[in-house]
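Structure first, then comments.
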Amino acid sequence: MEVRQTEQVGDALRQPRGVVFIPDVARLSIPAQGLIVRCLQTQEERPKIVVGLSGGVEQARTKGTLREDLLYRLHLAQVDLTTEGMRELIAQRRAQLAADEAARKAEAERLAAEKAAQMKASGVSMKSSRMRSKVAPRATSPKVTRR
């Protein structure tokens, strides 16, 4: 999910998985940057956060558009893409993650099919378990008027 506006930050960070891409973190408000810091510090299950910064760190610091605590957290997790072999390593990691996710989905589908076969063999109908209850219309009381 790409986040370009302050209003999008909260919803994006609530996702337990996925990737949140913020092209220019300095354009977000200081409170929104605080949400990012809080997410990085406290949320055990959180999306991967990829942050860009236009103009450089020093420029954002002097303008006051980048929180110091966010800068510290980002500095700890900084990846230099110009390092020899880093891009290839990232591509391999993405491929491995995609393969793992495909295997998880295939296993979930296999288990669902197995459960459906067991239910069919035992005579349980999928439709009967999904019946909806009908709610009786609500009785209305007579209208009382005062004179």
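Treat the numbers as computed from the prediction; the structure is a model and nothing was measured. Basis for what follows: all heavy atoms, side chains included, without hydrogens, waters or symmetry-related copies.
Every residue two or more places apart in sequence or in another chain was checked for a side chain to side chain donor-acceptor pair (under 3.5 Å) with Q15, and none qualifies. Judged as a side-chain contact (heavy atoms from CB on, under 4.5 Å), and not counting sequence neighbours, the contacts of L35 are V9, L13, R38. With sequence neighbours left out, the side-chain contact (heavy atoms from CB on, under 4.5 Å) criterion links A12 to M1, V3, V20.
Screening residues 114-124 for side chain to side chain donor-acceptor pair (under 3.5 Å), with sequence neighbours left out, gives R110-E114. Residue pairs that meet the side chain to side chain donor-acceptor pair (under 3.5 Å) test with at least one member in residues 26-36, sequence neighbours left out, are D24-R27.
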Could you list the donor-acceptor pairs under 3.5 angstrom formed between side-chain atoms of residues 88-98 and any protein atom two or more places apart in sequence or on another chain?
{"unit_1": "Q96", "atom_1": "NE2", "unit_2": "D100", "atom_2": "OD1", "d": "2.8"}

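Minimum heavy-atom separation, I30 to R67: O-CD, 3.4 Å.
Under a 4.0 Å N-O distance rule, the pair R104/E107 does not qualify as a salt bridge.
Between L28 and V25, some side-chain heavy-atom pair lies under the 4.5 Å cut-off.
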